[in-house]
Amino acid sequence: MSAQRVIGVDLGGTKILAGSIDGEGRVLDRREVPTPTGSQAELLEGIAAAIEPLVGAGVAALGFGIPSVIDHATGRALGSNNIPLEDLALGRLMSERFGVPAAVENDATVAALAEWRLGAGRGARNMIMLTLGTGVGGGVVLDGALFRGWAELGHVVVVADGPPCQGNCTGSGHLEAVASGNAADRAAEKLWGEGASAELLVGRASEGDAAALEVLSGIGHLLGAGIGSVVNVFGAELVIVGGGFGIAAAEFLFPEAVEVARREVQLESFRAALRIVKAELGSDAGLIGTGLLAFEAL
Ligand SMILES: [Zn+2]
């Protein structure tokens with residue numbers, strides 16, 4: 001099996017990350033392109049264009065991680081929050097185009113799979129992964145198995161009647177509305193005007209800027225509330241925080257997040273045992289997870 005390689009595609013709201021991956025989960029070659037969000041047709045061409053340069057001799061399967069709710073009975077992506085992809089059998093489409101089997105899963109679910117098998121979640125029986133990127137995704141390992149059902153953990157309410165959520169979501173005060181990279185972009189713009197970004201916010205915090213530190217601590221506070229809530233639902237002993245923004249800002253988010261999450265967790269023994277850690281595979285967790293998924297499709 002390890003002699004074979006697959007192509008994994010981590011489809012984000014901002015960029016498409018495609019990689020050639022071996023049976024050990026090693027990324028051998030990669031392509032990164034901006035996500036075309038103008039229309040579904042443009043998006044599909046963007047995905048195919050990211051895959052094409054990696055297709056050579058010996059690609060055995062394709063794996064896709066997409067920010068969407070998947071209907072596993074039909075393999076269709078039912079709807080997505082931050083990209084134009086709706087009611088589409090992406091796997092079947094790409095399988096026909098490239099002539100190899102293809103598997104599709106929610107992007108945060110595959111990131112959780114990668115961290116569970118190869119990263120910070122090794123050996124965990126109950127764990128949750130939160131990816132803080134363009135949006136906020138959630139993946140869950142429950143009783144020693146990857147949960148493949150609906151787990152839109154980014155859309156738990158952390159501020160009742162709070163700021164409106166983004167994309168197609170009609171909710172408000174969701175974790176995604178306050179703790180995503182986009183939410184951090186908006187917070188940075190509030191401080192420093194148009195064009196300021198989450199990256200600038202984290203950069204200024206690293207230099208000790210008091211306003212930046214306060215904003216990130218506030219985001220950490222709400223992240224902690226979200227973590228406490230999902231831990232109370234799933235009984236997880238481990239929460240892994242990943243995604244581009246989550247990883248970049250972890251050191252500024254965690255102190256407050258850990259304190260609030262511990263406070264919210266209902267059972268004393270869980271409170272003491274709860275660990276909140278950064279994704280060990282970094283922002284490659286999703287990509288590596290799509291590789292593992294593709295091997296499952298063989
Ligand atoms: Zn939402």
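Because the structure is predicted, anything quoted here is derived from the model rather than measured.
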Q. With sequence neighbours left out, which residue pairs that include part of residues 164-174 fulfil the salt bridge (charged side-chain N to carboxylate O under 4.0 Å, His left out) condition?
A. none

Q) Just wondering, are more than 12 heavy atoms of other shown residues or ligands nearer than 6.0 Å to CD in Glu214? A) no

Ignoring hydrogens and angles, write down the donor-acceptor pairs under 3.5 Å from the side chains of residues 245-258, residues two or more places apart or on other chains.
from, atom 1, to, atom 2, distance (Å)
Glu256, OE2, His221, ND1, 2.7

**Q.** CD/Glu199: more than 12 non-hydrogen atoms of other groups inside 6.0 Å
**A.** no

Q.
Distance check, rounded to the nearest 0.5 Å: Leu11 atom CG versus Leu90 atom CG?
A. 7.5 Å

Q: Go through the steps for Leu281 and Glu115 under the test side chain to side chain contact (heavy atoms under 4.5 Å, CB included), then give the verdict.
A: CA-CA 7 Å; Leu281 304 173; Glu115 286 292 332; 3.2 Å; yes

Q) Do Gln166 and Glu176 have a side chain donor and acceptor closer than 3.5 Å? A) yes

Q. When clusters are formed by joining ILVMFWY residues with side-chain heavy atoms under 4.5 Å apart, either directly or through shared neighbours, do Ile240 and Ile276 land in the same one?
A. no

Q) Can Ile7 and Ile21 be said to form a side chain to side chain contact (heavy atoms under 4.5 Å, CB included), step by step? A) CA-CA 6 Å; Ile7 291 176; Ile21 298 164; over 6 Å; no

Q) Does the side chain of Thr134 come under 3.5 Å of the side chain of Thr14 through a donor N or O and an acceptor N or O? A) yes

Q | Ring geometry between His174 and His155 (parallel below 30°, tilted from 30 to 60°, perpendicular above 60°) | A | perpendicular

Review item, side-chain donor-acceptor pairs of residues 97-105, under 3.5 Å, at least two apart:
from, atom 1, to, atom 2, distance (Å)
Arg97, NH1, Glu45, OE2, 3.1
Arg97, NH2, Glu45, OE1, 3.4
Glu105, OE1, His72, NE2, 2.9
Glu105, OE1, Arg148, NH1, 3.4
Glu105, OE2, His72, NE2, 3.3

Q: Could you tell me whether the side chain of Glu237 reaches within less than 4.5 Å of the side chain of Leu274, counting heavy atoms only?
A: no

